[in-house]
Amino acid sequence: PTTRSVWGTEVDDPWAWLRDRDDPDTIAFLEHENRIADAWFGERQTLVDTIFPPGERESLRLEFERCMSGRESSLLGRCVEMVALHGEGVLFPVEMAATIVRTDHSVVLSAFLRDITERKRGEEALKKSEERFELAVRGSSDGLWDWNIPWDEFYLSPRCTELLRDDTGRATGVAGI
């Protein structure tokens, strides 16, 4: 074992030899361990094949390759909404933020996925509520209004605007209509 200092404490590190990525013994050991893991867990899949639905895989694989080669990509430097595949085979919405990490030894695509199912449900519920409200306003003979005082926003339904105008079309009840 190699002894090294970790936060001021001397510790034995029996795995220090694994840090030498160019050492043939290290490479042989890791290849052997990977064969054992493959036999135990089954065939490994790429992250793209594990997380994303079959119809999206090839285009994402090509886009990730673009990222890794240093070319422009629509995936880097921003959050991107997409669909992922749950282990049980269910599709669900995710937000992905990806970046390229370059070291002396490798180039890695680092991506963070966040499940946005609840946010999407909230957005859909809000959309449906707004649609119902719009239908109710259009179907009503009442004039509806709302005044958001902190933001100084004033809403008048089309029917309310109609009710507040006289026969010549001038506003009679509320200034500034």
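This is a predicted model, so every value here is computed, not measured.
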| note | Scanning both residues in full, the closest heavy-atom pair of Ser73 with Cys67 reads OG-SG, 3.1 Å

| task | Check for a donor-acceptor pair, side chain of Arg159 on one end and backbone N or O of Arg138 on the other, with a separation under 3.5 Å. | result | no

| message | So, applying side-chain contact (heavy atoms from CB on, under 4.5 Å) with Arg132, which one of Glu134, Glu130, Lys128 is it? | response | Lys128

| field | Distance in Å, Glu81 CD paired with Arg119 CZ, rounded so as to fall on 0.5 Å steps | value | 4.5 Å

| request: Check Asp115 against Val94 and note the closest heavy-atom contact, atom names and distance. | output: CA-CG1, 4.3 Å

| message | Side-chain heavy atoms nearer than 4.5 Å, only ILVMFWY residues, links allowed to pass through others: does that put Met68 and Phe52 together? | response | yes

| So do the side chains of Leu62 and Glu58 get within less than 4.5 Å of each other, counting heavy atoms only? | yes

| remark: dist Arg66:CZ -> Leu60:CG (nearest 0.5 Å) comes out at 13.0 Å

| query | So do the side chains of Glu63 and Ser74 get within less than 4.5 Å of each other, counting heavy atoms only? | reply | yes

| field | Distance in Å, Met82 CE paired with Ile116 CD1, rounded so as to fall on 0.5 Å steps | value | 10.0 Å

| said: Looking at Glu72, I'd like to know if its CD atom is crowded, meaning that more than 12 non-hydrogen atoms belonging to other residues, nucleotides or ligands lie closer than 6.0 Å. | reply: no

| Parallel, tilted or perpendicular: which describes the rings of Phe154 and Trp145, with under 30° parallel and over 60° perpendicular? | parallel

| said: Determine whether a donor-acceptor pair (N or O, by modelled atom type, separation under 3.5 Å) exists between the side chain of Glu10 and the backbone of Thr3. | reply: no

| request: Side-chain contact test, heavy atoms from C-beta onward, threshold under 4.5 Å: evaluate it for Val83 versus Glu56 and give yes or no. | output: no

| task | Determine, stepwise, if the pair Arg121 / Glu124 fulfils salt bridge (Lys or Arg N to Asp or Glu O under 4.0 Å). | result | CA-CA 5 Å; Arg121 284 183 186 144; Glu124 186 60 29; over 6 Å; no

| remark: Between the CG atom in Leu91 and the NE2 atom in His86, the distance rounded to the nearest 0.5 Å is 11.5 Å

| task | Report yes if the side chains of Phe133 and Val137 come closer than 4.5 Å at any heavy-atom pair, otherwise no. | result | yes

| Under 4.5 Å between any side-chain heavy atoms of Leu85 and Arg57, yes or no? | yes

| For the student: nearest non-hydrogen atoms of Cys79 and Ala97, plus distance | SG-CB, 4.2 Å

| field | Interatomic distance, Ser157 atom OG to Leu163 atom CG [nearest 0.5 angstrom] | value | 7.5 Å

| said: Tell me whether Phe112 at atom CZ has more than 12 heavy atoms from other residues, nucleotides or ligands lying less than 6.0 Å away. | reply: no

| note | To the nearest 0.5 Å, atom CD1 of Ile27 lies from atom NE2 of His32 at 15.5 Å

| query | Would you say Glu153 and Asp146 make side-chain contact, with heavy atoms under 4.5 Å? | reply | no

| query | Hey, does Leu75 have a side-chain heavy atom less than 4.5 Å from the side chain of Phe64? | reply | yes

| query | Is it true that Arg61 and Glu65 have a side-chain N and a carboxylate O under 4.0 angstrom from each other? | reply | no

| query | Between Ser140 and Ala136, is there a donor-acceptor pair closer than 3.5 Å when you use the side chain of the first and the backbone of the second? | reply | no

| message | Is it the case that the side chain of Asp142 and the backbone of Leu144 share a donor-acceptor pair, with hydrogens and angles ignored and the cut-off at 3.5 Å? | response | no

